[in-house]
Novice: 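Please see the structure below; I have some questions.
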Amino acid sequence: ILFILSVCWLFLSNIGYTDTQSILELFSRPWFWKSVRLSLLTSSVTTIIAIVVGIPASYALSRFNIPGKTIIDILFASVIVLPASTIGLCLMVAFQYEPVLKIQQALGIRIVHSMPSIIIAQLVLALAFGIKAWRAAFDDVNPRYEHVARSLGSSRMRTFWKVTLPSAKVGILAGIVLAWTRAMAEFGAVLLFSSTFRNRHETQ
């Protein structure tokens with residue numbers, strides 16, 4: 001009860017610092033809605049990429065003995081615990097590393113402070129959170145169900161779609177929501193790696 005009241009007070013205490021007129025004025029600004037649309041678009045694209053990459057990766061980490069599995073776990077954990085601004089700074093340094101920079105120049109593109117950099121910054125964190133949730137969901141599914149399906153003639157792919165994925169659907173959905181909200185809420189990494197300019201590529 002104390003925790004719930006504390007969270008409510010956290011938000012209610014801010015009411016005294018604004019008024020209805022200011023809120024309506026903010027809603028009437030075109031740049032505000034543009035930034036909202038951009039945030040929704042980039043977060044959705046980021047989540048789709050995270051699903052396509054993260055769910056198969058999570059299944060592999062859960063079911064197979066991959067070389068360097070412990071190191072992979074440490075890397076994903078480090079992404080989660082590091083401040084978002086640090087992730088943004090690391091991305092900026094990585095994409096301006098001379099060999100990577102030469103590849104961008106050869107292709108005639110520049111990632112840092114561009115629109116795609118928003119998705120990249122969001123993806124690093126959304127993928128780390130998503131994989132953590134999806135792997136836990138697959139870990140909770142008893143591998144024996146898969147073995148039984150395989151023994152009855154089902155292929156590995158069919159077993160994944162018909163047995164494993166439905167059994168882990170609650171955790172999968174939780175991971176999707178977590179990845180999307182993490183991408184939507186991301187600001188520190190985006191600010192450093194992508195910057196933010198009004199009427200250009202500003203996110204909320």
Novice: For the hydrophobic clusters of this structure (ILVMFWY residues joined by side-chain heavy atoms under 4.5 Å, transitively), does one cluster hold both Val52 and Leu165?
Specialist: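 Unlinked, Val52 and Leu165 end up in two clusters.
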
Novice: Would you mind listing the cluster partners of Val112? Hydrophobic ones only (ILVMFWY), side-chain contacts under 4.5 Å, chaining allowed.
Specialist: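 In the cluster with Val112 are Val79, Leu82, Ile87, Leu91, Met92, Phe95, Tyr97, Val100, Ile103, Leu107, Ile109, Ile111, Ile120, Val124, Leu125, Phe193.
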
Novice: Are any of the side-chain nitrogens in Lys132 or Asp73 under 4.0 Å away from the carboxylate oxygens of its partner?
Specialist: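 Salt bridge flag = no for Asp73 with Lys132.
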
Novice: If you measure from the Lys or Arg side-chain nitrogens to the Asp or Glu carboxylate oxygens, is any gap between Arg156 and Glu146 under 4.0 Å?
Specialist: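 No.
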
Novice: Answer yes or no: is there a donor N or O on one side and an acceptor on the other, between the side chain of Ser62 and the main chain of Ser58, under 3.5 Å?
Specialist: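 Not at all, since once roles are kept as given, no pair shorter than 3.5 Å links the two residues.
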
Novice: Is there a path of hydrophobic side-chain contacts, each under 4.5 Å between heavy atoms, that joins Phe76 and Phe129?
Specialist: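 Hydrophobic grouping puts Phe76 apart from Phe129.
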
Novice: Between Ile172 and Phe138, is there a side-chain heavy-atom distance shorter than 4.5 Å?
Specialist: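 The answer is yes, as the side chains (C-beta and beyond) meet within the 4.5 Å cut-off.
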
Novice: Has Arg150 got more than 12 heavy atoms of other residues, nucleotides or ligands less than 6.0 Å from its CZ?
Specialist: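 Yes, enclosed.
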
Novice: Is Ser117 reaching over with its side chain to a backbone N or O of Ser114, donor-acceptor style, under 3.5 angstrom?
Specialist: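 Checked: pair present.
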
Novice: Is a side-chain N or O of Ser194 found less than 3.5 angstrom from the main chain of Leu191, in a donor-acceptor match?
Specialist: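 The answer is no, because no donor-acceptor pair under 3.5 Å joins these two groups.
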
Novice: Count the heavy atoms belonging to other residues, nucleotides or ligands that lie under 6.0 Å from CZ of Phe11, then report whether that count exceeds 12.
Specialist: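 Not buried by this count: 12 neighbours or fewer within 6.0 Å.
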
Novice: Are Leu178 and Val45 connected in the hydrophobic side-chain network, where two residues link if heavy atoms are under 4.5 Å apart?
Specialist: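 Per the 4.5 Å side-chain linkage, Leu178 and Val45 are not co-clustered.
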
Novice: Looking at Gln21 and Leu24, would you say the former's side chain and the latter's main chain have a donor-acceptor pair under 3.5 Å?
Specialist: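 Not at all, since once roles are kept as given, no pair shorter than 3.5 Å links the two residues.
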
Novice: Determine whether more than 12 heavy atoms belonging to other residues, nucleotides or ligands lie under 6.0 Å from atom NZ of Lys69.
Specialist: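 Enclosed.
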
Novice: With side chains defined as the heavy atoms from C-beta onward, is the minimum distance between Ile55 and Tyr59 less than 4.5 Å?
Specialist: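 No; the side chains remain at least 4.5 Å from each other.
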
